[in-house]
Amino acid sequence: MIYSFKYRDAVIEFKGNRARAVIHAKDPIQAMTRARELFPNLREETVKARSAEEYVVRFKVAFNYRMSLLKSVERASRLKRSIDSYNRGRYVDRYIVAMLCRLTGAPEWLAAMNLKDEISDLRRAAVVAREVPNVMGFVDWDIAIYNFLELNSKPGHHSRVVRKVRA
């Protein structure tokens, strides 16, 4: 889902943990400075001129953004074990597992459901149950989910270490 935030001289759009900011500025350095003022947790940023005084800043959200949510995503990912644990979870936790399933295809028992409807129903239920203040609050959760996937899919990274028993 794309989230858009409008300011008087800029527009920032988030999709997952990637973002694009269209900023009115005099030069690229001023555009980057303004982007850091609006959203300070940037990494891998690039600036391109769009017109005479308009620049596009593309960036990824830093891994240390809202670490508490990242840990909650890690805890919620354990609900993938069985359908019973999934059904007993909070709406936000179930939303996390459904998003992980949509992005990775695991677990298979959840992939058999209509994930689009499941995710939208869980979003509404989480707002009604006041687990998330409003629909725009899901931007932080989506950033945490995508950061979690990016961290756990790096080459050579294993989130769970299994050691062989020595004789």
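Heads up: numbering here begins at 1 and tracks the sequence.
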[X]-[Y] co-clustered via ILVMFWY side chain contacts under 4.5 Å:
X	Y	value
Met67	Val61	yes
Leu151	Val73	yes
Ile143	Leu38	yes
Val22	Val57	no
Phe14	Leu149	yes

Can you give me the closest heavy-atom contact between [X] and [Y], atom names plus distance?
X	Y	result
Leu115	Ala98	CD2-O, 4.2 Å
Ala31	Tyr55	CB-CB, 3.7 Å
Pro107	Cys101	O-SG, 3.6 Å
Ile23	Ala10	CG1-CB, 3.8 Å
Val47	Pro28	CG1-CB, 3.8 Å
Ile96	Ser72	CD1-O, 4.4 Å

- Task: Kindly determine whether Leu103 and Ile145 satisfy side chain to side chain contact (heavy atoms under 4.5 Å, CB included), including the steps that lead there.
- Result: CA-CA 10 Å; Leu103 297 169; Ile145 291 167; 4.2 Å; yes

- Can you list the residues that meet the side-chain contact (heavy atoms from CB on, under 4.5 Å) rule with Gln30, with sequence neighbours excluded?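 Result, side-chain contact (heavy atoms from CB on, under 4.5 Å) vs Gln30: Ala25, Lys26, Asp27.
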
- Query: Does a donor on one side chain and an acceptor on the other come within less than 3.5 Å for Asp140 and Tyr65?
  - Reply: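 Yes, side-chain donor-acceptor contact under 3.5 Å.
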
- Task: Indicate whether the side chain of Tyr3 and that of Asp142 have a donor and an acceptor atom separated by less than 3.5 Å.
- Result: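 The answer is yes; a qualifying pair exists.
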
- Task: Could you walk me through whether Arg66 and Leu70 pass the side chain to side chain contact (heavy atoms under 4.5 Å, CB included) test, one step at a time?
- Result: CA-CA 7 Å; Arg66 306 279 311 257; Leu70 191 64; over 6 Å; no

Residues which pass side-chain hydrogen bond (donor to acceptor under 3.5 Å, both in side chains) with [X], listed by chain and number, not counting sequence neighbours:
X	answer
Glu131	none
Glu37	Arg34
Asn41	none
Arg90	Asp93

From [X] [atom1] over to [Y] [atom2], what is the distance, rounded to the nearest 0.5 angstrom?
X	Y	atom1	atom2	value
Arg123	Trp141	CZ	CH2	13.0 Å
Asp9	Glu54	CG	CD	10.5 Å
Ser77	Leu100	OG	CG	6.5 Å
Ser4	Met136	OG	CE	7.5 Å
Asn147	Glu150	CG	CD	6.5 Å
Ile12	Tyr7	CD1	OH	5.0 Å

Within 6.0 angstrom of [X] [atom1], more than 12 heavy atoms from elsewhere:
X	atom1	result
Lys80	NZ	yes
Glu108	CD	no
Ile29	CD1	no

- Please step through side chain to side chain contact (heavy atoms under 4.5 Å, CB included) for the pair Glu53 and His24, ending with a clear verdict. CA-CA 6 Å; Glu53 289 190 357; His24 296 286; 5.7 Å; no

- Between Arg94 and Glu118, is the closest basic N to carboxylate O distance under 4.0 Å?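 Looking at Arg94 together with Glu118, the answer is yes, because their closest N to O distance falls below 4.0 Å.
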
- Task: Would you check if the distance from the ring center of Phe5 to the ring center of Phe39 is below 6.0 Å?
- Result: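 When the ring centroids of Phe5 and Phe39 are compared, they turn out to be at least 6.0 Å apart.
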
- Message: Pair Tyr91, Val127 - check side chain to side chain contact (heavy atoms under 4.5 Å, CB included), show working.
- Response: CA-CA 9 Å; Tyr91 294 120; Val127 171; over 6 Å; no

- Query: Cationic tip of Arg43 within the cone over Phe63's six-membered ring, i.e. under 6.0 Å and within 45° of the normal?
  - Reply: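 Relative to the ring axis of Phe63, which defines the angle, Arg43 lies inside both limits.
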
- Query: What pairs of residues pass the ring-ring contact (aromatic ring centres under 6.0 Å, His included) test when at least one of them lies in residues 94-134, not counting sequence neighbours?
  - Reply: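 Only Tyr86-Trp109, Tyr95-Phe138 qualify under ring-ring contact (aromatic ring centres under 6.0 Å, His included).
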
